[in-house]
2 protein chains.
Amino acid sequence: MQSKPTTIKEIAQLLGISVSTVSRALHDHPSIGLTTRAKVKKLAGELNYEPNQTAIFLQKGKTHTIGVILPELSEAFFSSAISAIEDTAYKKNYTVLLAQSHDDELKEKQLVEKMKNHRVDGLLVSVGKNTSSFQHFENLKKYNIPVVYFDRIPNIPNIHYVACNMEIGTIEAVSFLLKKGHRAIGMINGPQTMVATGERKEGYIKAMTKNRLKYDPSLIVSCDLTEEGTKKALDELLANKRKPTAIVTFNDYVALFAIKYAQKLNIKLNQELEFVSYANLPLINYMENIPAASVEQFPYLQGQKATDILMDLLHHQDKGSNEQSAYYKIIIESQLIENKK
Amino acid sequence: MQSKPTTIKEIAQLLGISVSTVSRALHDHPSIGLTTRAKVKKLAGELNYEPNQTAIFLQKGKTHTIGVILPELSEAFFSSAISAIEDTAYKKNYTVLLAQSHDDELKEKQLVEKMKNHRVDGLLVSVGKNTSSFQHFENLKKYNIPVVYFDRIPNIPNIHYVACNMEIGTIEAVSFLLKKGHRAIGMINGPQTMVATGERKEGYIKAMTKNRLKYDPSLIVSCDLTEEGTKKALDELLANKRKPTAIVTFNDYVALFAIKYAQKLNIKLNQELEFVSYANLPLINYMENIPAASVEQFPYLQGQKATDILMDLLHHQDKGSNEQSAYYKIIIESQLIENKK
DNA sequence: CAAGGTATTGCAAACGTTTGCGTGTTGTTT
DNA sequence: AAACAACACGCAAACGTTTGCAATACCTTG
């Protein structure tokens, strides 16, 4: 019952011809006669022949597989990105080898090794929160395994990446609130250590100066992104001498925490206090009390672009120009989207 | 600059010994002298030797890779499951090859082929909504590739699966509402075609009869799971001669649609009308108006169990007993969880 | 010192495929 | 009729490992 998969060798034997002829026939090599070609294909069809990829991998040195390492699969942002990656890779006939680092630098390193051993053709990476050294990724260059970073990118030169610039979206967000008449606009920002925190702050300041308004540092508070931290941050803002009438929050989680808390404080949403956030929760649509607008970060698009770049890199490394000087640096502009309710 | 990965052959040459000795030395084969063993390992370390897995795959006929095919990566339920699968597989030193079918039967078939060609050792599958034939999966048996289904399992005999039984959870859900004093309990169920719809209905009926209450069929309405459909279903229930004071909804999406709509109708939640749902959205925690309780389906646990089973199958197929008569049929009991607000 | 044993190592096949090159068989051309 | 293309196919190496078996060296024992 346990039929082993058919091999090229068996076909050759059954037909009384050589394996090379069979191989070539299956690939429509011109030097094979039409009759043998037909014979081979017929038998191959009947025997349900499927080429053994592992053998081809070994032979060609290419696996047609790309590795993906990201922090957390179950996070909405990443699951959306991985969905895009799989879709895009599938179209180009690549397969996806998946792994999550759980934001653990050590595990990340091990995963890189594993990917290397599996001989993935290329790697897509969103680096962990705590990753401080990127040597384990950079080492891959030596083995000619291209790496494309996305979303959470390391701050080092000479890399390919696609990321979303939060600054533009933030400017839009603040401008949106200004246009609605708000003057005291608060911001619940993330931890100082994150790049994203800086981008948001910069965007905030730029939006203010652009509109010839003075920037009040006391209106930006940082937060550890937990529910408790959010409450504290909101308290802090509300206690400010210039009590904000609108708040930009670091992300949707923070926004929802803040909204929930604001309701408990009997604050009238969208009247006394309006929120704008950064989108990372897909189901904003299912809820009633949501931020007035969200800065979209396009996870699907990011995954798609990153995969496209990797495919491009893989394609071009064969033909000449192994000395690459150009690096893909794709910045997707974040974009403010007003939430319909 | 482009250093090719070190091979066993190079080590052998450099040390003036044979490849087989190097191979054995690296595997701590007892027949290799301690001195050579040390020499080999030292050099291997210096040269950063990493075994070429593709070669090992070919040689051993095992890839230490499992394939995962599921409908939609970006859905919370599946992203949670895949997270579990990856975690579990990683611990056993397996790698995950990932693909999504987008509920497309044809693509599902192609993916199975692809997985087979990649010579995955085993397959984890949650079948697509529209899949009617399961032959493409069953064919894998011939090639000795075990398949474990999870969550969305086909209704055929002789398969391994892990699924969540909705009946118990539903009984709990209805009982929960009965205990709270509700007597007219409505249900917004799914399409008649889905297995899950039947299970919910059965659970509902059993809960009623168990409590010696008569079952009123007009209190169960089906719904296509869209927002519009949900509104219609709710209208229908509210127009019933016995207007329900509580409703069990097919899933969280439906619940949120219904809750949103109910608020628009100025119905006082938890007083006039109470909801219980089936959990598939993780961020219920971030919202104010949520179902009073949810039937948990344990996606992470399902993914974990399914992977464990597959690992077990893979382990035991080597040693004897290739004639397997026993099939794993793991039913995880769904469980009602009261939502704290 | 010969015999036997043991510890160490090498040889070569195998996994399934691709591919450069060689070889034989036709057929065409002069 | 000889020479030469063109065509069709086979041989064998290669990809990097593992592993059964053979072979060598060394050591012990009688």
Side-chain angles (χ1 to χ4, degrees), chain A residues 2-41 43-44 47-65 116-121 143-144 318, chain B residues 2-41 43-44 47-65 116-121 143-144 318:
Chain A
Q2 322 254 23
S3 67
K4 288 275 154 249
T6 317
T7 74
I8 233 174
K9 209 184 276 182
E10 291 164 13
I11 299 184
Q13 207 157 27
L14 250 43
L15 255 42
I17 58 182
S18 79
V19 284
S20 40
T21 305
V22 175
S23 172
R24 278 189 256 255
L26 291 171
H27 286 83
D28 277 322
H29 193 285
S31 83
I32 301 297
L34 287 170
T35 46
T36 25
R37 228 186 282 187
K39 265 197 308 186
V40 169
K41 287 191 177 176
L43 186 58
L47 294 181
N48 242 305
Y49 169 75
E50 300 281 349
N52 184 332
Q53 297 289 0
T54 62
I56 298 177
F57 296 161
L58 177 59
Q59 165 65 31
K60 298 230 171 156
K62 294 282 159 208
T63 58
H64 255 65
T65 302
K116 189 172 69 176
N117 296 352
H118 268 264
R119 294 297 190 269
V120 296
D121 290 346
Y143 298 103
N144 220 10
D318 309 329
Chain B
Q2 323 255 22
S3 66
K4 288 274 153 252
T6 317
T7 73
I8 233 174
K9 208 183 278 181
E10 291 164 11
I11 299 184
Q13 206 158 27
L14 250 43
L15 255 43
I17 58 181
S18 78
V19 283
S20 40
T21 304
V22 176
S23 172
R24 279 188 257 255
L26 291 171
H27 288 83
D28 276 321
H29 194 284
S31 81
I32 300 297
L34 288 172
T35 47
T36 25
R37 226 187 283 188
K39 265 197 308 183
V40 169
K41 286 192 178 177
L43 186 58
L47 294 181
N48 242 304
Y49 169 75
E50 299 282 350
N52 183 331
Q53 297 289 359
T54 62
I56 298 178
F57 296 161
L58 176 60
Q59 164 67 32
K60 298 227 172 159
K62 294 281 159 209
T63 58
H64 255 63
T65 302
K116 190 171 67 177
N117 295 353
H118 268 264
R119 295 294 191 270
V120 295
D121 291 346
Y143 297 103
N144 219 9
D318 309 330

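Here is the naming used below: chain letters follow the sequence lines, and residue numbers restart at 1 for every chain.
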Specify the separation, in whole Å, of atom [atom1] of [X] and atom [atom2] of [N].
X     : N      : atom1 : atom2 : value
B:D28 : D:dT18 : CG    : P     : 13 Å
B:I17 : C:dC11 : CD1   : C1'   : 14 Å
A:L26 : D:dC9  : CG    : P     : 13 Å
B:I32 : C:dT6  : CD1   : C1'   : 14 Å
B:H29 : C:dA7  : NE2   : P     : 13 Å
A:H27 : C:dT17 : NE2   : P     : 10 Å
B:K62 : C:dG16 : NZ    : P     : 13 Å
A:Q13 : C:dG16 : CD    : C1'   : 14 Å

How many angstroms lie between [atom1] in [X] and [atom2] in [Y], if you round to the nearest 0.5 Å?
X      : Y     : atom1 : atom2 : answer
A:L15  : A:K39 : CG    : NZ    : 5.0 Å
A:K62  : B:T54 : NZ    : OG1   : 11.5 Å
B:R119 : B:L58 : CZ    : CG    : 10.0 Å

Take the C1' atoms of the five end pairs on each side of the helix from C:dC1-D:dG30 to C:dT30-D:dA1, get both axes, and report the angle to 10 degrees.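 Angle reported: 60°, given to the nearest ten degrees.
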Quick one: is B:T36 getting a side-chain N or O under 4.0 Å of the C:dT9 phosphate, OP1 or OP2?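 So the side-chain polar atoms of B:T36 do come within 4.0 Å of the phosphate oxygens OP1 or OP2 of C:dT9, strictly under.
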Respond yes when some side-chain nitrogen or oxygen of B:T21 is under 4.0 Å from OP1 or OP2 of C:dT9, and no when none is.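 So the side-chain polar atoms of B:T21 never come under 4.0 Å of the phosphate oxygens OP1 or OP2 of C:dT9.
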Tabulate atom names and distances for all N/O pairs under 3.5 angstrom spanning the protein and nucleotides 12-15 of chain C.
unit_1	atom_1	unit_2	atom_2	d
C:dA14	N3	B:Q59	OE1	3.3
C:dC15	OP2	A:K9	NZ	3.4
C:dC15	O2	B:Q59	N	3.4
C:dC15	O2	B:Q59	OE1	3.3

Are the side chains of [X] and [Y] in touch, meaning some heavy atoms are under 4.5 Å apart?
X      : Y      : answer
B:N52  : B:T7   : no
B:I11  : B:T6   : yes
B:K116 : B:Y143 : yes
B:L14  : B:L47  : yes

Output, in order, the C-alpha distance, side-chain angles, deciding distance and verdict of side-chain contact (heavy atoms from CB on, under 4.5 Å) for A:D28 and A:K41. CA-CA 10 Å; A:D28 277 322; A:K41 287 191 177 176; 2.8 Å; yes
Provide a list of protein-nucleic acid N or O atom pairs under 3.5 angstrom, restricted to nucleotides 22-24 of chain C.
none

Locate the shortest heavy-atom distance separating B:P51 from B:I56; write the atom from each residue and the value.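 Shortest heavy-atom separation between B:P51 and B:I56 comes out as CB-CD1, 3.8 Å.
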B:Y49 to B:L26 - nearest heavy-atom pair and separation: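 In terms of heavy atoms, the two residues are closest at CE2-CD1, 3.6 Å.
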Classify A:G61 by what it touches in the nucleic acid, base, sugar-phosphate, or nothing, heavy-atom distance under 4.0 Å.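 Counting heavy atoms under 4.0 Å across all strands, no contact is made by A:G61.
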Identify whether any heavy atom of B:T54 sits under 4.0 Å from a base atom; if not, whether one sits that close to sugar-phosphate; answer base, sugar-phosphate or nothing.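 Nothing, no nucleic acid heavy atom in range.
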Closest-nucleotide 5' rank along DNA chain C - winner of A:Y49 and B:V22: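 Its nucleotide being nearer the 5' end, the pick is B:V22.
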So which one's nearest nucleotide on DNA chain C is more toward 5', B:G16 or A:E50?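 Of the two residues, B:G16 wins.
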Examine distances only and state if a side-chain atom of B:R37 and a backbone atom of B:I32 form a donor-acceptor pair shorter than 3.5 Å.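 Yes: the side chain of B:R37 pairs with the backbone of B:I32.
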Salt bridge (Lys or Arg N to Asp or Glu O under 4.0 Å) for A:K60 and A:D121? Distances and angles first, verdict last. CA-CA 11 Å; A:K60 298 230 171 156; A:D121 290 346; over 6 Å; no
With respect to the side chain of A:S31, which nucleotide from C:dT18, D:dG10, D:dA8 is positioned closest?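 The listed nucleotide nearest to A:S31's side chain is D:dA8.
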